[in-house]
Amino acid sequence: MDDNVCISIRHVSKTFGKHQVLSGIELEIKDGEIFGLLGPSGAGKSTLVKQLAGLDTPTEGENFLFQQRMPSLSLMKRIGYMAQADALYEDLSAKENLQFFSTIYGIRGKKQRERIREVMELVDLSAHLNKRVANFSGGMKRRLSLALSLLHEPELLILDEPTVGIDPVLRRNIWDAFYDLNKRGTTIIVTTHVMDEADKCDRLALMREGAIIAVGTPEELKEKSNTNSLEEAFLAFGGE
Amino acid sequence: MKVMALTKRILQQIARDRRTMALLIAAPILVLTMLHLVFNGEDYVPKIGLVDLPRSIESQIDDTGAEIHVYSHEEDAMKEISSGELDGYITFVHHSPGITLEGSDPSVNSAAIKWIRSAFEPLQESNPKQEIEISYVHGSSDMGSFDYFGPVLLGFFIFFFVFLIAGVSFIRERTTGTLEKLLSTPIRKWEIIMGYVLGFGLITMIQSTIIAWYSIYVLGMLMEGSFWHVLLITLFLALTALTLGILISSFANNELQMIQFIPVIVVPQIFFSGLFNLETISDWLSWIGPYTPLYYAADALRDVMVRGEGFPAIYLDLLLLLGFSALFLLLNLLVLRKYREI
């Protein structure tokens with residue numbers, strides 16, 4: 001096995017009752033990549049990243065992270081996961097939310113104060129540290145969710161639709177934060193159904209109806225399908 | 001037209017939520033049935049002891065409507081009262097009858113007195129001026145129903161609110177996604193449950209103290225035993241309510257559905273907690289009692305508050321409450337597997 005493989009998904013299928021959500025997924029994601037999972041809603045993106053985050057298990061096949069089989073509690077320390085919904089305690093302040101989750105990750109005292117300051121700077125929320133989350137705007141909540149998943153300096157960041165419902169300026173800020181983290185060596189997996197966002201990834205997997213229909217860099221995908229945009233490429237690979 | 005559209009939409013929504021519909025109909029039926037069975041139960045048959053009565057009198061007593069036991073020594077009858085086998089007994093000292101009652105349940109007291117009065121009617125004809133002297137082992141003739149119901153209600157309300165609040169806050173944790181966020185960290189499932197038990201344990205300790213203090217010292221509820229024992233019992237009961245609330249919340253998708261569980265899980269417990277005499281409840285219903293936590297808490301609370309008993313009388317009830325909590329905790333861990341396997 002290649003040393004710089006971060007994630008290896010081996011023949012993973014998932015069924016809920018009679019409904020097949022994932023079928024025969026094979027995928028390798030390398031260390032230090034920004035990898036995008038692109039597909040319409042219902043394509044199985046969230047189910048797949050939930051498995052990688054240890055929140056779900058495949059019906060068939062196996063997922064390996066850092067050469068170890070998921071789910072595993074020791075691996076979870078090395079992953080940061082941000083779900084589609086903002087998982088925040090609205091009655092608490094931003095600071096209290098950050099304190100709660102950093103304590104769960106075993107970060108205390110001086111280190112905790114340092115990390116809280118760093119992640120809040122990264123997501124540009126330093127001015128709102130003591131505000132109650134209930135008074136945050138949607139964009140601020142999204143950024144706070146991101147800050148929460150960065151507290152423990154994860155080697156792998158799994159982001160489920162991180163910029164959904166966010167205005168273009170803020171989206172660029174968030175992507176700047178991703179590039180920043182990526183430069184420091186963090187591997188990032190992003191799910192999205194927005195084509196121009198997919199263009200920002202190093203490599204992409206196109207997903208449709210629980211299967212991967214193509215993998216490659218955005219340029220490779222456009223070239224292979226003989227198209228000018230990812231949207232056309234997606235349609236071409238989908239056989240329509 | 002807008003109103004009609006709205007009405008139609010609401011009807012459609014309810015029709016799709018089959019559980020809400022079942023509860024709208026089944027829950028009132030359930031509660032009404034239980035009330036019917038409880039109130040239309042058989043008359044209570046008092047258990048009366050006759051201690052060393054003169055032959056002539058014993059043969060004249062009409063023993064229908066009571067369970068009669070005959071003793072030759074007063075101590076034996078007293079022992080039976082302590083163990084709950086007897087509601088009261090009659091002695092005959094210096095040719096005048098004396099009655100001793102167990103005394104903690106006013107409804108049993110009045111049933112016993114009523115029977116004794118009618119049984120002694122034929123005797124009183126020959127000796128009309130004779131007054132019967134009544135003494136009580138626990139309580140007194142001026143003990144009100146509230147003194148007897150009080151400990152049960154105290155336990156019930158603590159159980160009810162802890163159950164609801166713990167359940168609803170765990171549902172919030174689930175629906176806001178914070179449970180999933182928590183499970184994406186290396187936290188262990190038992191740590192989540194224990195966090196809840198401790199957090200709410202502290203809150204309920206404060207709650208129980210205030211409610212117990214208020215009932216006893218402000219409302220003047222009968223209090224024969226130690227306040228600390230009352231706190232100990234309510235804390236154990238709250239722990240059971242907490243673990244059960246969290247467990248039940250796993251089967252509800254929102255706060256409303258949690259509330260729907262109240263008439264099914266919480267309210268029926270009150271029927272078996274001694275608020276109504278268990279012996280007059282239909283046989284095909286009364287067996288449920290020993291499977292409900294409130295049954296043991298109410299028994300222990302009454303032991304302490306009405307009968308003034310100490311730790312030896314309540315430790316078994318406390319152990320059983322602890323057993324319920326342990327069982328619910330274990331089931332909670334199993335249910336959490338639904339969200340994360342490890």
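Just so we're clear, the structure is a prediction, and the values are computed from it rather than from any experiment. Numbered from 1 within each chain, the chains take letters A, B, ... in sequence-line order.
Remark: Glu197(A) engages Arg171(A) in a salt bridge, criterion side-chain N to carboxylate O under 4.0 Å. Using a 4.0 Å cut-off between a side-chain N of Lys or Arg and a carboxylate O of Asp or Glu, Glu33(A) and Arg203(A) qualify as a salt bridge. A salt bridge between Arg184(A) and Asp180(A) is present, with a side-chain N of the basic residue lying under 4.0 Å from a carboxylate O of the acidic one.
Between Trp287(B) and Tyr291(B), the ring-plane angle classifies as perpendicular under the 30° and 60° cut-offs. In this structure, Tyr179(A) and Trp175(A) have tilted ring planes: the angle between them lies in the 30° to 60° band.
With a 4.5 angstrom heavy-atom cutoff, Leu88(A) touches chain B only via backbone atoms. With a 4.5 angstrom heavy-atom cutoff, Ser149(A) touches chain B via backbone and side-chain atoms both. The contact between Glu173(B) and chain A is made entirely by side chain atoms (from C-beta outward), counting heavy-atom distances below 4.5 Å.
The shortest distance between side-chain heavy atoms of Met70(A) and Gln51(A) does not fall below 4.5 Å. At least one side-chain heavy atom of Leu182(B) sits under 4.5 Å from a side-chain heavy atom of Phe100(A). With a 4.5 Å cut-off on side-chain heavy atoms, Asn173(A) and Arg143(A) do not count as touching.
Taking non-hydrogen atoms and a 4.5 Å limit, the residue list of residues 101-140 of chain A in contact with chain B, ordered by number, reads Phe101(A), Ile104(A), Tyr105(A).
In terms of heavy-atom pairs under 4.5 Å with chain B, the best-connected choice from Asp56(A), Leu55(A), Leu148(A) is Leu55(A).
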